[in-house]
Novice: 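If you scroll down you'll find the structure; I have some questions about it.
Chain naming here is simple, since letters A, B, ... match the order of the sequence lines and numbering starts at 1 in each. Reckoned from all heavy atoms, side chains included, excluding hydrogens, waters and symmetry mates.
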2 protein chains.
Amino acid sequence: MSIERRTTRQKEAIKAVLEEQDGPLLPDDIHRLAIKVVPSLGIATVYRSLKNLQAEGQVCCVEIPGQAPRYERSDKGHHHHFHCRDCGQVFDLQKCVAGGLKNLAPPGFEVIDHEIILYGTCKACLS
Amino acid sequence: MSIERRTTRQKEAIKAVLEEQDGPLLPDDIHRLAIKVVPSLGIATVYRSLKNLQAEGQVCCVEIPGQAPRYERSDKGHHHHFHCRDCGQVFDLQKCVAGGLKNLAPPGFEVIDHEIILYGTCKACLS
DNA sequence: GATCTATTGATAAAAGGTAATCAGTATCAA
DNA sequence: TTGATACTGATTACCTTTTATCAATAGATC
């Protein structure tokens, strides 16, 4: 049987941050935002909560090559990401051009999944 | 003025490994392969050589999310990669369907570069 | 061959991110 | 309210990858 869960201000604050955010966030980002609600919040609790939320399927992990894992709500459906090389922020993309991707693989290879990452400058950094 | 370079068995072995390999390799892979030619080769020398080759533009870095950087010759032109979830090996893809990718970004965003990674099972692991 | 010094290999140590520890706190059922 | 215990926060430990250190080795030039 699974462990009894309790509702805490800390977990609620972390979930709220992930809820209202568009793109994926670093554990450190989440900490910095959630600390506004629960000032005593420790980074260890952020890692613990993310691990639990991920196990429960509420949150999923987004990895940009060469960077630490980010986390976002898992109810957003299939999508990809844009990484701004100026501010470092990661944004969600709406559409996915996966059609034709499978043809990229060599003959005899089975494609199960794919990842597309766009790099560039976001709107805010351009202006 | 730049530092005088010397030709060594170690550097030649590392370059040869990168030369005859198709996909990108981990420093550890390179070490394991080059050691067959120069048994005394240390891992530090692999890192040092990769750093130099990269600075000279002969080698470039390939990053798969959540994994250590791999390295490959930089004379292969624009291409992407296939990561086999079974054996962990990374393969080069020939074509690139970049057309239409720019449209994925939100209005006002400038796309400079992109990355496409296919995940699945390679031919060898399927059979 | 002799000399200079770039390079090497073994090792220690750094860096970054994450997990373990543990005493104290707070939740929730009774 | 009380009691059992899940949770927290501070800190330390950890893990993996990469870099620094340094004495010894070995290219390149004369």
Novice: Can we call the ring centroids of B/H114 and A/H83 under 6.0 Å apart?
Specialist: no
Novice: For B/R6 and C/dA6, give me the distance from atom CZ to atom C1', rounded to whole Å.
Specialist: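 That distance rounds to 4 Å.
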Novice: Going 5' to 3' along DNA chain D, which nucleotides are the first and last within contact of chain A (any atom under 4.0 Å from a heavy atom)?
Specialist: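 Contacts span D/dA4 to D/dA10, reading 5' to 3'.
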Novice: Of all the choices, C/dT18, C/dC28, C/dT27, which nucleotide is nearest to the side chain of A/T8 once you look at every atom?
Specialist: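 Of the options given, the side chain of A/T8 lies nearest C/dT27.
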Novice: So if I take residues 47-62 of chain A and measure heavy-atom distances to DNA chain D, which residues fall below 4.0 Å?
Specialist: A/R48
Novice: For A/D28, check salt bridge (charged side-chain N to carboxylate O under 4.0 Å, His left out) against everything at least two apart and list the hits.
Specialist: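 Once residues adjacent in sequence are excluded, the partners of A/D28 under the salt bridge (charged side-chain N to carboxylate O under 4.0 Å, His left out) criterion are A/R32.
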Novice: Determine the contact category for B/I43: base if any of its heavy atoms lies under 4.0 Å from a base atom, sugar-phosphate if only primed atoms, P, OP1 or OP2 are that close, otherwise nothing.
Specialist: nothing
Novice: Decide yes or no for A/P106 and B/F91: does some side-chain heavy atom of the first lie under 4.5 Å from some side-chain heavy atom of the second?
Specialist: no
Novice: Quick check for you: among C/dC28, C/dT8, C/dA6, whose closest atom lies nearest to any side-chain atom of B/Q10?
Specialist: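 The nucleotide sitting nearest to the side chain is C/dT8.
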Novice: Hey, is A/E56 close enough to A/K51 for a salt bridge, meaning N to O under 4.0 Å?
Specialist: no
Novice: Are A/E63 and A/R70 close enough for a salt bridge, meaning some N to O gap below 4.0 Å?
Specialist: no
Novice: Test of understanding: clusters of I, L, V, M, F, W, Y form through side-chain heavy atoms closer than 4.5 Å, transitively. Do B/L53 and B/L41 belong to the same one?
Specialist: yes
Novice: Separation of B/Q67 atom CD from C/dG17 atom P, in whole Å?
Specialist: 18 Å
Novice: Does A/T7 make a side-chain N or O approach to OP1 or OP2 of C/dT27 shorter than 4.0 Å?
Specialist: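 No, outside the criterion.
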Novice: Could you state the atom-to-atom distance from CD1 of B/I14 to C1' of C/dT7 in whole Å?
Specialist: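 Those two atoms, CD1 and C1', are 11 Å apart.
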Novice: Regarding A/E4 and A/R6, does a basic nitrogen lie under 4.0 Å from an acidic carboxylate oxygen?
Specialist: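 Yes, A/E4 and A/R6 are salt-bridged.
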Novice: Considering only heavy atoms from C-beta outward, does the side chain of A/P27 approach that of A/L50 to under 4.5 Å?
Specialist: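 Side-chain contact under 4.5 Å: yes.
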Novice: Tell me whether B/K76 is salt-bridged to B/E72, with the criterion being a basic N under 4.0 Å from an acidic carboxylate O.
Specialist: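 Counted as a salt bridge, because a side-chain N and a carboxylate O are separated by less than 4.0 Å.
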Novice: In this structure, how many angstroms lie between the C1' atom of C/dG17 and the CG atom of A/D28, rounded?
Specialist: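 After rounding, the gap between these two atoms is 10 Å.
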